[in-house]
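Structure, as structure tokens:
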Number of protein chains: 2
Amino acid sequence: MGKSSEIVKEHLSYSDGFISAQSLHHVITKSKTKIGLTTVYRALQKMVDSGEVDTFRNPEGEAEYRLCTPNHHHHLVCTNCGFTVEIDGGAIESWASSAAVKNGFSSISHIADIYGLCRQCA
Amino acid sequence: MGKSSEIVKEHLSYSDGFISAQSLHHVITKSKTKIGLTTVYRALQKMVDSGEVDTFRNPEGEAEYRLCTPNHHHHLVCTNCGFTVEIDGGAIESWASSAAVKNGFSSISHIADIYGLCRQCA
DNA sequence: TTTAATGCAAATACTTTGCAGGAAA
DNA sequence: TTTCCTGCAAAGTATTTGCATTAAA
């Protein structure tokens with residue numbers, strides 16, 4: 001694993017919450033570091049495989065990534081303007097694990113996001 | 001709105017749970033009806049806009065659709081073999097609406113799916 | 001030298017859009 | 001006629017892969 005993976009992970013840690021591979025690539029190249037989009041994708045995929053990074057697809061079809069951290073949270077997203085609020089998972093976490101255990105599933109992860117219109121856009 | 005939208009909706013109702021636009025198009029053309037992929041996409045998008053249909057992106061990046069029904073449920077998906085269990089949303093529904101209200105959001109929908117390994121694949 | 005990392009360009013997959021022909025009002 | 005529906009082909013976007021170059025071990 002070369003230096004690039006380190007750079008990707010570092011920038012991932014700067015970003016709060018999820019970020020897409022494309023955005024991450026933008027951020028990195030804008031910062032000063034030269035890096036290929038392919039390399040960003042490959043670094044992210046490796047970290048997903050190793051369990052260091054969580055991923056899910058947003059409604060636009062882009063994959064979003066974040067470092068796995070203990071302070072796991074979810075998103076409330078305005079479908080009109082994109083305004084996003086981070087919210088606590090609350091009961092979700094236990095719902096997910098109990099549903100999984102009940103059905104014999106293991107190594108679980110979950111996605112849970114809420115979409116709606118924010119006050120401005122309603 | 002022509003006949004095609006009716007056909008799309010009908011086949012959507014046959015399918016239990018979510019189905020992708022591509023799969024739906026396959027099913028429809030295989031059944032006997034000639035229909036263009038474009039038309040399927042357009043019919044689905046119209047129904048999403050009107051609130052008749054729910055949609056989300058699966059981890060592969062495909063959009064999946066289902067008719068909105070009162071017996072709303074969620075999915076527990078095996079990431080290895082694709083085996084899927086339908087589970088009740090339980091506390092999710094109230095979590096979603098309370099989080100939304102607390103932040104001034106309206107017209108909300110949510111996605112909540114759990115991924116893991118089923119007994120066979122663990 | 002042998003192995004792994006890198007990135008450009010091409011390929012792939014899903015979805016959307018432009019446009020012309022046809023059906024319905 | 002005017003409007004809407006259809007669907008082919010082209011375009012657009014995100015992601016993956018082939019391959020040659022380069023860096024590291």
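Within every chain, numbering begins at 1; the chains are lettered A, B, ... in the order of the sequence lines, protein sequences first and strands thereafter.
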At under 4.0 Å, does any side-chain N or O of [X] touch on OP1 or OP2 of [N]?
X       : N     : result
B/Lys34 : D/dT6 : no
A/Thr39 : C/dT6 : no
A/Ser4  : C/dT6 : yes

Checklist entry - Is it true that B/His110 and B/Trp95 have ring centroids separated by less than 6.0 Å? => result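 Ring centroids of B/His110 and B/Trp95 are no less than 6.0 Å from each other.
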
Side-chain ([X]) to main-chain ([Y]) donor-acceptor, under 3.5 angstrom:
X       : Y        : result
A/Asn58 : A/Glu60  : yes
B/Thr55 : B/Glu64  : yes
A/Thr29 : A/His25  : yes
B/Ser15 : B/His11  : no
B/His74 : B/Ala112 : yes

Separation of [N] [atom2] from [X] [atom1] (nearest whole Å):
X       : N     : atom1 : atom2 : value
A/His25 : C/dC8 : NE2   : C1'   : 12 Å
B/Ile7  : D/dC5 : CD1   : C1'   : 12 Å
A/Lys3  : C/dA5 : NZ    : P     : 14 Å

Checklist entry - Do the side chains of B/Asp54 and B/Tyr65 get nearer than 4.5 Å, heavy atoms only? => result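 The answer is no; the side chains never approach within 4.5 Å.
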
Next on the checklist: Taking the side chain as everything from C-beta on, heavy atoms only, tell me whether B/Ile35 gets closer than 4.5 Å to B/Val40.
Outcome noted: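 B/Ile35 vs B/Val40: side chains touch.
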
Item to check | Residues forming a side chain to side chain donor-acceptor pair (under 3.5 Å) with A/Ser13, sequence neighbours excluded | outcome: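 Not a single residue meets the side chain to side chain donor-acceptor pair (under 3.5 Å) criterion with A/Ser13.
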
Item to check | Which residues share a salt bridge (Lys or Arg N to Asp or Glu O under 4.0 Å) with B/Lys9, sequence neighbours left out | outcome: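 Applying salt bridge (Lys or Arg N to Asp or Glu O under 4.0 Å) to B/Lys9 gives B/Glu52.
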
Item to check | Bend angle of the helix from C/dT1-D/dA25 to C/dA25-D/dT1, from helix axes over five pairs at each end, nearest 10° | outcome: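 For the helix from C/dT1-D/dA25 to C/dA25-D/dT1, the axes at either end differ by 10°.
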
Between the protein and nucleotides 20-25 of chain C, which nitrogen or oxygen pairs are less than 3.5 angstrom apart?
none

Checklist entry - How does protein reach along nucleotides 11-17 of chain D, written 5' to 3' as B (base within reach of a heavy atom under 4.0 Å), S (only sugar-phosphate), or - (no contact)? => result ---SBBB

Checklist entry - Quick one: hydrophobic cluster around A/Tyr115, which other residues, with the 4.5 Å side-chain cut-off, linked directly or via members? => result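 For the cluster that includes A/Tyr115, the remaining residues are A/Phe18, A/Phe56, A/Val77, A/Ile111, B/Phe18, B/Phe56, B/Val77, B/Ile111, B/Tyr115.
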
